[in-house]
Amino acid sequence: MKKFSPDVIARRLASLPQPSYAEDLPVNARRQEIMQALEQHQVVIICGETGSGKTTQIPKICLELKRGVHGLIGHTQPRRIAARTVAARIAEELKSPLGQTVGYKIRFTGKISSDSYIKLMTDGILLAETQVDPLLQAYDTLIIDEAHERSLNIDFLLGYLNQLLPKRPDLKLIVTSATIDAQRFARHFNNAPVIEVTGRLFPVEIFYRPLTADDEDEGDLQRAIIHAVDELIALGPGDILVFLPGEREIRETAETLRKHHFGRLWPGRTGVEILPLFARLSFAEQERVFQPGGARRIVLATNVAETSLTVPGIHYVIDTGLARINRYSYRNKVEQLLVEKISRASANQRAGRCGRVANGICIRLYAEQDYHGRPEYTDPEILRSSLAAVILRMKSLKIGDVESFPFLQSPPPRMIADGYQLLSELGAVDENKQLTAVGWRLSKFPIDPKIARMILAAKQENCLREILIIAAALSLQDPRDRPFEHQAAADNAHRHFTDERSDFLSYLKLWDYFDDLLKHKKSTRKLIAHCREHFLSYRRLREWREIHGQLHALIGELGLKPNEIPASYDEIHRSLLSGLLGNIGFKTEKEGEYAGARGIKFAIFPASVLKKAKAKWVVAAELVETSKLYARCIARIDPAWLEKIAGNLCKKYYSDPHWQKKQAQVMAYERVTLYGLMIVPKRLVYYGSIDPEESREIFIRSALVAGDYHTDAPFFQHNQALIHNIEELEHKARRQDVLVDEQQIFAFYNAIIPHKIINGAGFEKWRKQAEQHNPQVLFLQREQLMRHGAHDITEVQFPENLILPDGNQLPLAYRFEPGHVMDGVTVRVPLPLLNRLDARQLDYLVPGLIRDKVTWYFKTLPKQIRRMLVPLPQAVTEFLERRANTGNSLPLENSLAQFILRKTTQIVPPETWSAADMPMHLRMNIQVADDAGEELAMSRDLSALQMQLGNAAQQDFMKHNREHEK
DNA sequence: AGGGTTTTTT
């Protein structure tokens, strides 16, 4: 921004307006003092109650000091309407058409010329101008009005100006404030002088009428209001303003009052008019408050009437002492809108509302003690807000750290940290808290960064047209009206715009509807009437289009164009999610409850189309805690979208890493969560890239050590055969200490195979190279695998085959696994040969096991016989030797009985030994197989098998013979 | 089965 050139300054000086003053305004009594202070100080604080005339007179005083020549006198107001009306008033007092000497600028509109000296604007506009004019060179004087309201904009501006003033010694600053919190502002600006201006308020008498302490419920409040109204009506005529926390209380009170009989107390009048007043009310309904009729009026208002709107002609105030206050909970990342006790400053402001026309009376529905126990001031907005937007703006203005920024009151570090966290989740700042490319672009948008983020995402998803409409809608109050006398009718009218999947899409339908209305409109009057009939706010619809137009222009500057092909549901909602990831929810078991980010639980707002839909996954435009934590403006989403959109915000957990032979890779199950919500429960993934070290170990253990691997590599066949061979020995010997443990085999491979090998493919590649140098590099040696020699395990002791008397050989299998059906020795016999088996031969098992078997027989003898055989091992040897020498065609038990009789003269009764008591592995297991090698039956009882399968065996045997004959 | 204040922005 360029300063004025010398000739322009000269011209401005020459035509400087000469203000005149209405001397009855209190502020003008202090004119000289103010002028003197302004000449001597860079900053002056002026405080005075409403009615002092400071807002309109101070700019004129500045003109008299020849301010406004080198730059404009910038004068800010918290609200747009105020900026415009104040501009009009000052213009009138200076006898200049609006836009000439005095101009104004608010969002979307303004009226100002190069000849203007005074510029009224909202504080938001001045703040926005810092982006293009960081030194605010356009101004030589600034008036920050209503600073006591302590909005986010005001606090930010005052911090910014604190930094700016040393760089602009020529700039004068006036801060005005209503209440006596002036000292805080003075301290903030290096002990600037404070000039107090008396207000022109009439005295207000305060009565305290606390609710009865034993029963502080809703009904009690209603009763108290009625009593207060009765009390005031009895005092004399005059309108009453009742401050209530919200719309619901207003409605209840309105009903209570309508049912109440005022007539007796107040005869001869036309009655009582009850007027609700809150910001969401339609324009027409609000208008009623400003057009007094004949009846006595009771206005039931929220906080709008405390600062934003001045209800005329109020003589009495009833103050419930309550308000809904917006607070951001950084812990849950949601806004709270809970009913709180108002501060003393707020209570005084409310009381002051009845001292504007005459002496007033204010009844407080709480105790005086309660009043004195309350905090002096309402917490400024900056201590109650999410700081993401503030931080983003500060970063884009490059004005240093948030932590050291000269705020009037600095937000606590955890709130600042939370702001950074949200920005980081939006991708606006990096790990060094510096703005990213995305952050820079977000800062260009005059909307919430979350909403701006959707617009950036919409470019990728090709749905800018739709998202611009939705983003604009989310940046203002819902254009749909729902007056409480006509709720059902309004809902009915709005049903026309619903989409059963998503509340966001209603905005698109409503947009098209209004667009159509505009195209076919006959007159604005008719259009407004049509909107009212259909429960739509014409003003908000227009505002919507204005914001949309602004966003549209902005994306044009960024070189983006809206899509011409309509976007899909998925594209639109994926874009929305980019800004709203923290607002996702998953339906819980509990009726109507959703689990949200970071363990929060929320309910769907009743007006949503998804209220009853039981959608599994949803996203909400906002989460606000009122009577419950409610999600408003909801859509169904597909959780499969989330992972890609959330990127690094997702947390991944792995379980059960395992070898997969077919792919020759280690795989694991992946679980993905976002803010603690499980978005992918169980997914099979390649584990090699996730934990290469563990994967390598699993590969070696499973594929190479355990042999679960498919390869024709000679080393593998060799090593497997070797291990198998030694395992066989263990089965035969019925002991497990022959093969070295797996850890040693693992250690062997681990030492040879390079670190980077983590799967089959990598291994084979390496192996082929390694084997060129040494073909046997991976060969295990027998000695490496055996813990001891196992010399007693010979072919004679544990033969591979059972040789039948006719020369047939039947394979034997050994197993050491007590309890297993095949524990011990198993002979495998083809069905045709089953009848050839002789129990007497099977009794003797194999040489390596017969000693154990005979020992068992001896040990289970009755005591008096057993005693005579001691020492048993010697007796066993003797029996086995004798049998080997003589041969024996008797069954084993008979042979034993004979041996015992001879040796001890004792007769062993036939029932002494029961096969059922014998350890299984001491009886030969017989497995019968059919032609195809499939098992037909298995048992240790030969006679039972032969009984069961004997006939079949016989036939099979005959058939075989016949076939041989052919 | 059930409802929320207010304001502002290149």
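Excluded from the calculations below are hydrogen atoms, water molecules and symmetry mates; all remaining heavy atoms, backbone and side chain alike, are included. Chain identifiers are assigned alphabetically (A, B, ...) following the order of the sequence lines, protein sequences preceding nucleic acid strands; residue numbering begins at 1 within each chain.
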Margin query: Base, sugar-phosphate or nothing for A:I125? Non-hydrogen atoms, less than 4.0 Å.
Written below: sugar-phosphate

Margin query: What is the separation between atom CG on A:L152 and atom P on B:dT8, rounded to the nearest whole Å?
Written below: 14 Å

Notebook entry, point to check: Considering residues at least two apart in sequence or located in another chain, which fulfil the side chain to side chain contact (heavy atoms under 4.5 Å, CB included) criterion with A:S116?
Noted result: A:L72, A:I112, A:S113

Ignoring hydrogens and angles, write down the donor-acceptor pairs under 3.5 Å from the side chains of residues 542-550 of chain A, residues two or more places apart or on other chains.
| unit_1 | atom_1 | unit_2 | atom_2 | d |
| --- | --- | --- | --- | --- |
| A:R542 | NH1 | A:Y538 | OH | 2.9 |
| A:E543 | OE1 | A:R80 | NH1 | 3.3 |
| A:E543 | OE2 | A:R80 | NH2 | 2.6 |
| A:W544 | NE1 | A:I469 | O | 3.0 |
| A:R545 | NH1 | A:D515 | OD1 | 3.1 |
| A:R545 | NH2 | A:D515 | OD1 | 3.2 |
| A:Q550 | OE1 | A:R107 | NE | 2.9 |
| A:Q550 | OE1 | A:R107 | NH2 | 2.7 |

Next item on the list: Indicate for each nucleotide in nucleotides 1-6 of chain B, in 5' to 3' sequence, whether protein heavy atoms under 4.0 Å reach the base (B), only the sugar-phosphate (S), or nothing (-).
Entry: BBBBBS

Margin query: Within the 4.0 Å heavy-atom criterion, would you say A:S443 contacts the bases, only the backbone, or no part of the nucleic acid?
Written below: base

Check: With sequence neighbours excluded, what pairs up with A:D145 under the side chain to side chain contact (heavy atoms under 4.5 Å, CB included) test?
Finding: A:K54, A:T55, A:H75, A:Q77, A:T176

Notebook entry, point to check: Taking CH2 from A:W544 and P from B:dT8, how many angstroms apart are they, rounded to a whole number?
Noted result: 19 Å

Margin query: Tell me which pairs pass side-chain hydrogen bond (donor to acceptor under 3.5 Å, both in side chains) where either residue lies in residues 609-624 of chain A, with sequence neighbours left out.
Written below: A:E622-A:R632

Checklist line | salt bridge (charged side-chain N to carboxylate O under 4.0 Å, His left out) contacts touching residues 436-445 of chain A (sequence neighbours left out) | finding: none

Checklist line | Between B:dT10 (P) and A:F156 (CZ): distance, integer Å | finding: 14 Å

Check: Do the side-chain N or O atoms of A:Q550 get closer than 4.0 angstrom to the phosphate oxygens (OP1, OP2) of B:dT9?
Finding: no

Next item on the list: Using atom CD1 of A:I81 as one end and atom C1' of B:dT7 as the other, report the distance to the nearest whole Å.
Entry: 11 Å

